[in-house]
Amino acid sequence: MIKFFSTNGHQERVDFKGALLAGQAPDKGLYMPESLPILSQEIIQGFPQMSYHQIAYQVIKPYIGELVAEQALLDMLKDAYSFDVPLERVYDGKYLLRLDRGPTCSFKDFAARLMARLMQYFLKEEGKSIIILTATSGDTGSAVAHAFYGLENIRVIVLFPEKEVTERQRRQMTTLGKNIYPLAVAGKFDDCQAQVKQAFADPDLAGLALSSANSINIGRLLPQAVYYFYAHSRVAPGGEKVVFSVPSGNFGDLMGGLIALKMGLPVKKFVAATNENDEFPLFMQTGRYEPIQPSKNCISNAMNVGHPSNLARLFALYGGQMDESGQVIRQPELSAMREEIYAVSISDEETRQTIKDAYTRYMVLLEPHGAVGWAGLQRYLREFGDWNPAVSLETADPAKFPDEIVRLTGINPPLPPAMASLDEKEENYLRMAGGYASLKEYLMEFF
Ligand SMILES: *Cc1c(COP(=O)(O)O)cnc(C)c1O
């Protein structure tokens with residue numbers, strides 16, 4: 001069975017269950033699979049005839065081995081992926097992969113829903129309970145809160161940057177109650193993420209059984225390899241190579257794609273499209289990495305990340321090493337990275353122009369994150385020549401970002417059924433102004 005190692009180099013190896021329940025490795029590194037199983041071409045050629053959850057089973061099973069009974073895993077997958085995953089043709093062989101049809105209308109539902117079910121399964125087996133402590137730039141918090149809502153044995157604390165989420169993003173976290181505890185932090189996403197990491201490393205909190213649901217958790221990552229296989233099976237049933245464009249912030253989504261690639265998915269190129277937080281595109285150009293501090297506040301708010309956690313995994317995948325602070329311990333193989341990834345930064349101005357153009361030219365309503373991906377794809381096609389099929393990921397529903405979209409297109413994006421009556425529900429949350437000290441005090445007093 002596949003074991004998981006820590007990107008910080010500690011010698012201990014754990015199985016999938018251990019990695020999932022711990023979230024972060026004890027040496028503050030991120031867990032990565034020691035080897036990546038390669039799916040045979042025969043298996044991949046069967047995917048066009050399979051449904052989403054059947055493909056998910058093939059992709060995820062090798063990591064889980066015998067830890068979950070076969071039927072239980074199939075049931076979980078069927079239950080987690082009970083919504084549509086449309087591929088919308090925009091022009092020629094260019095598609096949007098709509099990952100916004102889950103209960104909180106962002107792609108984060110894909111990972112959160114399976115992770116919640118797996119955690120619940122393992123915790124029941126052990127008779128244990130845990131506290132999920134997670135930071136969100138806007139969409140993780142609601143996806144995780146909804147996925148874990150009402151479960152026994154699990155309480156969820158979500159830290160979000162008070163001024164950097166939209167009202168609807170906030171409401172998706174603050175109107176649930178029960179086992180969900182939202183905390184508004186006076187700061188940025190990076191501050192939320194830093195506080196969460198500090199809590200994990202704090203010996204005074206060791207008794208709390210904290211776990212993470214951020215993309216630092218390997219349980220978030222593996223489900224995100226699945227939709228690349230799914231999209232490929234729908235747009236390239238003959239096995240052609242596909243260009244994927246991925247709007248990126250913390251780089252969990254892109255890591256899912258790279259894992260799919262290493263598992264045998266035929267990919268021409270990944271476009272890693274960031275907003276003005278361009279630390280990764282700059283690294284790809286220069287080979288020097290510098291976190292952006294503080295991160296820039298762009299309209300694609302879920303991607304306002306000045307130091308993406310998952311770069312530690314990305315480096316590990318290419319033979320390098322990066323510690324949790326962004327220090328490069330060993331350079332990855334840049335030429336191999338450039339072979340597989342084209343990195344590009346899209347300004348807010350270009351993002352806005354892209355939303356307008358997509359609407360006027362194709363009658364397609366993009367939201368800011370999907371627009372960064374779409375603009376990144378256009379840049380790639382201009383620079384390297386046309387390519388079909390190409391898939392750009394639309395990671396959220398436009399109704400999560402109504403103000404910007406009304407301004408740009410004059411269209412008020414219709415509320416998807418999953419968000420109906422959200423604007424009327426009562427909110428409950430606490431404000432945290434005192435940095436890590438106040439988070440610690442809160443945890444020690446109430447949990
Ligand atoms: C989180 C998020 C992203 C960025 O995904 P990463 O895995 O952090 O790179 C992009 N778009 C939306 C809508 C998101 O919520």
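Counting convention: from 1, in listed order, for ligands and their atoms alike.
In this structure, Tyr63 has no ring-ring contact (aromatic ring centres under 6.0 Å, His included) partners at least two apart in sequence or on a different chain. With sequence neighbours excluded, the residues forming a ring-ring contact (aromatic ring centres under 6.0 Å, His included) with Tyr289 are His307, listed by chain and number. In terms of the ring-ring contact (aromatic ring centres under 6.0 Å, His included) criterion, residue partners of Phe110 (sequence neighbours excluded) are, by chain and number, Tyr52, Tyr81, Phe83, Tyr227.
Shortest non-hydrogen contact noted between Tyr436 and Ala199 is OH-CA, 3.4 Å.
Two rings, from His369 and Phe401, have their centers less than 6.0 Å apart.
Ring orientation note: the planes of Phe4 and Phe16 are tilted relative to one another, at an angle of 30° to 60°.
At a heavy-atom cutoff of 4.0 Å, ligand 1 is surrounded by Phe107, Lys108, Asp139, Pro247, Ser248, Gly249, Asn250, Phe251, Gly252, Asp253, Ala302, Met303, His369, Thr395, Ala396.
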